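Let me begin by presenting the structure, written as structure tokens, before commenting on it.
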Amino acid sequence: MNTVVDFHFDPMCPFAFQTSLWIRDVRDQLGTTINWRFFSLEEINRADGKKHPWERDWSYGWSLMRIGALLRRTDMMLLDRWYAAIGHELHTLGGKPHEPAVARKLLRDIGVDEANLDAALADPTTHDEVRAEHQTVVDAGGYGVPTLFIDEQCLFGPVLVDPPTGSAALRLWDVVTGMAELPHVYELQRPKTAADAELIGKSLRPYLDGRDWVSINRGEVLDVERLTGGSSG
């Protein structure tokens with residue numbers, strides 16, 4: 001039986017990107033269907049009195065997701081390639097896909113017309129698509145990414161660095177799908193040692209080099225700044 005996963009992501013989130021690498025490996029092995037969906041960390045962490053991301057001309061992850069929404073109307077795999085390109089640029093290379101000029105280059109790199117950026121920003125219904133999928137997570141009690149829906153069960157995570165591949169990826173898949181089958185199992189968490197903190201900090205270094213915003217953490221996963229020695233400014 002082919003399992004369908006709705007995978008909600010914000011392209012700016014390093015943990016969602018790591019998890020996306022794992023779920024792609026699972027897809028390659030099992031033929032799992034991935035429906036890429038959106039969630040906005042800018043919106044969920046918006047301070048009172050600040051503009052909503054849809055009220056800005058350009059708004060980092062939100063605008064990149066609007067471009068993805070337009071691409072997805074043609075083919076889900078275009079969004080798959082777009083997310084992979086954004087993630088590689090920011091979370092592997094430490095680049096700035098959230099800058100319009102870089103976003104245009106990435107569109108060309110995946111073989112689509114860079115005019116899709118302008119078309120997405122000119123189409124107000126791309127706001128509607130991102131906002132509706134963000135709200136789907138909020139309505140299910142979600143608060144961040146990665147968030148997965150498997151057989152209508154909402155799960156936050158798995159939160160990964162150095163994502164497993166091959167048989168190890170399938171073992172993790174069994175854990176995740178097993179948890180989805182047990183609706184009253186709410187949380188399973190591994191305490192982080194000093195060695196874990198060092199590994200996570202090293203993994204997040206490209207993201208910290210590439211970002212142009214302050215990371216907001218509400219304690220659900222970890223303190224990014226403490227683990228990396230990064231600045232909040």
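Everything quoted here is computed from the prediction, not taken from an experiment. The analysis underlying the following values was restricted to heavy atoms, covering all of them including side chains, and did not include hydrogens, waters or symmetry mates.
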Taking side chain as C-beta onward, heavy atoms only, is [X] less than 4.5 Å from [Y]?
X	Y	value
Val5	Asn35	no
Ser63	Leu121	yes
Leu79	Phe38	yes
Val112	Trp82	no
Val26	Ile34	no
Ile23	Phe7	yes

Please give me the minimum heavy-atom distance between [X] and [Y], naming the atom from each residue.
X	Y	value
Arg24	Asp80	NH2-O, 2.9 Å
Met179	Leu155	CG-CD2, 4.3 Å
Arg72	Glu133	NH2-OE2, 2.8 Å
Pro163	Trp22	CB-CB, 3.9 Å
Leu148	Pro158	CD1-CD, 4.1 Å
Pro206	His91	CB-O, 3.4 Å

With [X], which residues qualify under side-chain hydrogen bond (donor to acceptor under 3.5 Å, both in side chains), at least two apart?
X	result
Gln18	none
Asp75	none
His127	Trp62, Arg66

Kindly compute the distance separating [atom1] ([X]) from [atom2] ([Y]), expressed to the nearest 0.5 Å.
X	Y	atom1	atom2	value
Glu89	Glu99	CD	CD	9.5 Å
Arg190	Asp196	CZ	CG	7.5 Å
Leu117	Ile67	CG	CD1	4.0 Å
Leu90	His98	CG	NE2	7.0 Å
Met12	Asp212	CE	CG	10.0 Å
Leu160	Leu172	CG	CG	6.0 Å

- Task: Please identify each residue that fulfils side-chain contact (heavy atoms from CB on, under 4.5 Å) with His134, with sequence neighbours left out.
- Result: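 For His134, the residues satisfying side-chain contact (heavy atoms from CB on, under 4.5 Å) (neighbours in sequence not counted) are Phe39, Ser40, Glu43, Ile44, Val138.
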
Check: [X] side chain, [Y] main-chain N or O, donor-acceptor pair, under 3.5 Å:
X	Y	answer
Thr136	Ala132	yes
Arg46	Lys50	yes
Gln29	Gly166	yes
Lys96	Gly210	yes

- Could you check Thr125 against Asp128 for side-chain hydrogen bond (donor to acceptor under 3.5 Å, both in side chains), going step by step and ending with a plain yes or no? CA-CA 5 Å; Thr125 66; Asp128 298 336; 5.6 Å; no

- Query: Which side-chain hydrogen bond (donor to acceptor under 3.5 Å, both in side chains) pairs, counting each pair once, include a residue from residues 102-121, with sequence neighbours left out?
  - Reply: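 Of all non-adjacent pairs touching residues 102-121, those that pass side-chain hydrogen bond (donor to acceptor under 3.5 Å, both in side chains) are Arg104-Asp118, Lys105-Asp109, Arg108-Glu114.
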
- Task: Using the side-chain hydrogen bond (donor to acceptor under 3.5 Å, both in side chains) rule, collect all pairs that involve residues 157-182, keeping only residues at least two apart or in two chains.
- Result: none

ILVMFWY cluster, [X] and [Y] together (side-chain gap under 4.5 Å):
X	Y	answer
Leu78	Leu70	no
Leu30	Leu21	yes
Phe17	Leu93	no
Tyr186	Val159	no

- Message: Go through it in stages, so that I can follow the logic: the residues are Val145 and Leu41, the test is side chain to side chain contact (heavy atoms under 4.5 Å, CB included), and I'd like the CA-CA distance, side-chain angles, deciding distance and then a yes or no.
- Response: CA-CA 8 Å; Val145 288; Leu41 295 174; 4.2 Å; yes

Contacts of type salt bridge (charged side-chain N to carboxylate O under 4.0 Å, His left out), residue [X], not counting sequence neighbours:
X	answer
Asp28	none
Asp6	Arg37
Arg73	Asp123, Glu129

- Over 12 foreign heavy atoms within 6.0 Å of CD, Glu152: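 No - once you tally the heavy atoms of other residues, nucleotides and ligands closer than 6.0 Å, there are 12 at most.
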
- Query: Counting only heavy atoms not in Leu182, do more than 12 fall under 6.0 Å of its CG?
  - Reply: yes

- Starting from the C-alpha separation in whole Å, work towards a yes-or-no answer on side chain to side chain contact (heavy atoms under 4.5 Å, CB included) for Trp58 and Leu64. CA-CA 9 Å; Trp58 178 268; Leu64 295 176; 4.2 Å; yes

- Output all residues satisfying ring pair (Phe, Tyr, Trp, His ring centres under 6.0 Å) with Tyr83, sequence neighbours left out; order by chain, then residue number.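 Here the qualifying residues are Phe9, Trp36.
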
- Query: For His8, what residues pass the ring pair (Phe, Tyr, Trp, His ring centres under 6.0 Å) criterion, not counting sequence neighbours?
  - Reply: Phe149

- Task: Go through the steps for Lys51 and Asp57 under the test salt bridge (Lys or Arg N to Asp or Glu O under 4.0 Å), then give the verdict.
- Result: CA-CA 11 Å; Lys51 288 183 177 180; Asp57 293 336; over 6 Å; no

- Begin from the C-alpha positions of Ile150 and Thr3 and carry the test side chain to side chain contact (heavy atoms under 4.5 Å, CB included) through to its verdict. CA-CA 8 Å; Ile150 303 174; Thr3 301; 4.0 Å; yes

- Pairs meeting criterion salt bridge (charged side-chain N to carboxylate O under 4.0 Å, His left out) with involvement of residues 136-148, two or more places apart: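 Every pair satisfying salt bridge (charged side-chain N to carboxylate O under 4.0 Å, His left out) with a residue in residues 136-148: there are none.
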
